[in-house]
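Only a predicted model underlies this, so the values are computations on that prediction, with no experimental measurement involved. Count residues from 1 along the sequence. Ligands are counted one by one from 1 in listed order, and the atoms in each one are counted from 1 as well.
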Amino acid sequence: MKLLITGASGFIGSALIRRLVADGHQIMGLSRSPERLLKTQTAALQVVRTLEEIDAEESIDAIINLAGEPILDKRWSDARKQLIYNSRIDTTTGLIALIKRLKTRPKVLVSGSAIGFYGSCPGDRLLDEGSEGLPGFTHQLCLDWENKALEAQSLGVRVCLLRTGVVLGQGGALQRMLLPFRLALGGPIGDGQQWFSWIHLDDMVAIIQFLLAHEVLTGPFNATAPEPVTNSVFTKALGRALHRPTLLPMPAFVLQWILGEGAELLCEGQRVLPARLLEAGFEFRHPDIDGALNQILS
Ligand SMILES: NC(=O)c1ccc[n+]([C@@H]2O[C@H](COP(=O)([O-])OP(=O)(O)OC[C@H]3O[C@@H](n4cnc5c(N)ncnc54)[C@H](OP(=O)(O)O)[C@@H]3O)[C@@H](O)[C@H]2O)c1
């Protein structure tokens, strides 16, 4: 298969490309910095800087859409939120225009979204793909991002949406959490009772492959492990995996000061279940947090 991947240089995109190339697929990656992408990928790769460069005669079987300004790298200001929003909507709008232009249309678009779709949901309520989202910035962002991707359906393309939890692997969010824990300064956030819906990077890549392969699957899929944990359970598991104590709590107001409104993602949490993936027969390689962290950190 020939696959076009946006966000090809990212944490998920890089791991996905390694897997797909190993399986014999041809990859075209979109990156604003093609030279940087080519340097970091050992695999043979065709890279484009813009979607407009892609010829209408190009034959692309599938598109995976992962591009977007990082969510929690910087404090959320109005300008930052606009950048986070525009980077996703503009790339997806560009993909719809590309699909219209291509002489042979791809069969499937697997497009990013996040569990932020459900908004901040304090408490123990279980969320599956049928749950409604609570209003707020992340809900509106994911809703508009998903709706833009779904426009491909009217062009005859199967669309799957990845409502992704926090992806754990070597790099990404876990990398940023490690330093305080290694210094024995790690601890729960706030009262630690908020839910943390996570997924191992290997399972994230396998889910994308599963959705590509199963032609009957469409619509939203929660890309989260089947065993979400509270922040307190996650903190203890991370401490165990690193052989470090986890005694010092991080007060919620400190995170709010560092991240602004974005702190709500870590302080309020969501308890999400991958109901549709389980129903479709997807088997998680890393369903529990201890096993996942030990595999990543060993
Ligand atoms: N990782 C997670 O825990 C997680 C959780 C939930 C949802 N997601 C979603 O899954 C997608 C992939 O995640 P990831 O962790 O792989 O992300 P990442 O490592 O931050 O990579 C994002 C990619 O998007 C591109 N990008 C960044 N800013 C952009 C902008 N302003 N305009 C256009 N492209 C831009 C970058 O490509 P270039 O710089 O090469 O152009 C980069 O390759 C993201 O959309 C993210 O929101 C991730």
Side-chain angles (χ1 to χ4, degrees), residues 4-19 27-41 45-53 63-74 76 79-95 109-119 137-139 141-146 148-149 160-177 196-205 207-208 211 220-225 228 234 262 265-266 269-270 272 274 292 296:
L4 167 64
I5 302 180
T6 78
S9 63
F11 176 54
I12 301 171
S14 311
L16 178 67
I17 289 176
R18 280 194 293 278
R19 184 71 258 152
I27 308 296
M28 181 190 278
L30 173 74
S31 173
R32 296 162 303 162
S33 318
E35 303 76 20
R36 189 163 47 88
L37 174 57
L38 284 168
K39 256 189 225 154
T40 52
Q41 278 287 343
L45 202 64
Q46 185 183 347
V47 183
V48 290
R49 195 187 296 270
T50 66
L51 294 170
E52 290 74 32
E53 281 170 45
I63 301 177
I64 297 142
N65 180 26
L66 300 170
E69 192 71 29
I71 300 266
L72 278 181
D73 271 20
K74 294 184 186 146
W76 282 5
R80 181 81 200 146
K81 287 201 288 192
Q82 200 61 54
L83 196 58
I84 288 171
Y85 183 91
N86 290 349
S87 59
R88 288 168 174 78
I89 303 299
D90 293 352
T91 307
T92 312
T93 303
L95 284 176
L109 165 63
V110 178
S111 194
S113 180
I115 57 172
F117 175 88
Y118 302 108
F137 172 66
T138 60
H139 172 66
L141 165 66
C142 292
L143 183 68
D144 293 352
W145 193 11
E146 291 187 3
K148 184 48 76 181
C160 296
L161 304 163
L162 297 162
R163 291 190 184 155
T164 307
V166 178
V167 184
L168 301 179
Q170 284 168 3
L174 186 60
Q175 191 62 39
R176 276 173 249 137
M177 295 176 205
F196 180 70
S197 295
W198 59 278
I199 179 147
H200 191 295
L201 180 60
D202 291 350
D203 279 329
M204 186 68 211
V205 167
I207 287 168
I208 295 173
L211 295 175
F221 292 87
N222 291 337
T224 57
F234 171 73
L265 294 180
L266 301 173
Q270 298 133 321
V272 179
I296 295 165

Discussion item. Within the structure, is a non-hydrogen atom of G165 found at a distance of less than 4.0 Å from ligand 1?
Written reply: yes
Discussion item. Using a 4.0 Å cutoff against the non-hydrogen atoms of S31, which atoms of ligand 1 qualify?
Written reply: 38 (P), 40 (O), 41 (O)
Practice prompt. Run the contact test for V166 against ligand 1 with a 4.0 Å cut-off on heavy atoms, strictly below, and give the result.
Written response: yes
Discussion item. What I'd like to find out is whether the side chain of S113 reaches to under 4.5 Å of the side chain of L162, using heavy atoms alone.
Written reply: no
Practice prompt. Mark yes or no for whether T138, through its side chain, and G116, through its backbone, hold a donor-acceptor pair below 3.5 Å.
Written response: yes
Discussion item. Side chains of N65 and T92 only: does a donor on one sit below 3.5 Å from an acceptor on the other?
Written reply: yes
Worksheet item: Between F117 and H139, does the ring centroid distance fall short of 6.0 Å?
Response: yes
Item to complete: Give the residue, atom name and distance (to 0.1 Å) of the protein heavy atom nearest atom 44 (C) of ligand 1.
Response: L66 O, 3.3 Å
Worksheet entry | Heavy-atom nearest neighbour in the protein, as seen from atom 39 (O) of ligand 1, with distance rounded to 0.1 Å | R32 NH2, 2.8 Å
Worksheet item: S87 heavy atoms, cut-off 4.0 Å: which ligand 1 atoms fall inside?
Response: 30 (C), 31 (N), 32 (N)
Worksheet item: Would one find an N or O of L83, backbone or side chain, under 3.5 Å from an N or O of ligand 1?
Response: no
Discussion item. How far is atom 48 (C) of ligand 1 from the closest protein heavy atom, and which atom is that?
Written reply: I12 CD1, 4.0 Å
Discussion item. Among all protein heavy atoms in this structure, tell me which lies nearest to atom 31 (N) of ligand 1, with the distance rounded to 0.1 Å.
Written reply: E69 OE1, 2.7 Å
Response to the item:
Per-atom filter on ligand 1: closer than 4.0 angstrom to a heavy atom of R36 are 39 (O)
Worksheet item: Of the protein's non-hydrogen atoms, which lies at the shortest distance from atom 20 (O) of ligand 1, and what is that distance?
Response: P70 CG, 3.9 Å
Item to complete: Take Q46 and I27 through the side-chain contact (heavy atoms from CB on, under 4.5 Å) test and state the conclusion after the steps.
Response: CA-CA 6 Å; Q46 185 183 347; I27 308 296; over 6 Å; no
Worksheet item: Non-hydrogen atoms of M204 versus ligand 1: any pair closer than 4.0 Å?
Response: no
Discussion item. Show me which atoms of ligand 1 lie under 4.0 Å from any heavy atom of A67.
Written reply: 24 (O), 34 (N), 45 (O)
Discussion item. Any side-chain to backbone donor/acceptor pair from R49 onto R32? Under 3.5 Å, distance only.
Written reply: yes
Worksheet item: By number and element, which atoms of ligand 1 are closer than 4.0 Å to a non-hydrogen atom of T164?
Response: 5 (C), 6 (C), 7 (C)
Worksheet item: Should W145 be listed as contacting ligand 1, given a heavy-atom distance under 4.0 Å as the test?
Response: yes
Item to complete: Please report which non-hydrogen protein atom sits nearest to atom 3 (O) of ligand 1, along with the residue it belongs to and the distance in Å to one decimal place.
Response: V167 N, 2.9 Å
Discussion item. I'd like to know if E146 and R88 make a salt bridge, using a cut-off of under 4.0 Å between side-chain N and carboxylate O.
Written reply: no
Worksheet item: With the threshold set at 4.0 Å, does a side-chain nitrogen-carboxylate oxygen contact exist between E69 and R80?
Response: yes
Worksheet item: Short list, please: which atoms of ligand 1 are under 4.0 Å from a heavy atom of A114?
Response: 6 (C), 7 (C)
Worksheet entry | From the candidates S9, G68, S113, the one that places a heavy atom nearest atom 22 (C) of ligand 1 | G68
Worksheet item: Can D144 and L141 be said to form a side-chain contact (heavy atoms from CB on, under 4.5 Å), step by step?
Response: CA-CA 5 Å; D144 293 352; L141 165 66; over 6 Å; no
Fill in: Student check: side-chain heavy atoms of F11 and L201 closer than 4.5 Å
yes
Worksheet entry | Distance-only polar pair, side chains of D90 and Y85, donor-acceptor under 3.5 Å | no
Worksheet item: Q270 side chain to I115 main-chain N or O, any donor-acceptor pair under 3.5 Å?
Response: yes
Item to complete: Within a distance under 4.0 Å of any heavy atom of G7, pick out the atoms of ligand 1 and give their elements.
Response: 23 (C), 24 (O), 43 (O)
Worksheet entry | Taking atom 17 (O) of ligand 1 as the reference point, the nearest protein heavy atom with its distance | F11 N, 4.4 Å
Fill in: Protein heavy-atom partner closest to atom 47 (O) of ligand 1 - residue, atom, separation in Å
R88 NH2, 2.7 Å
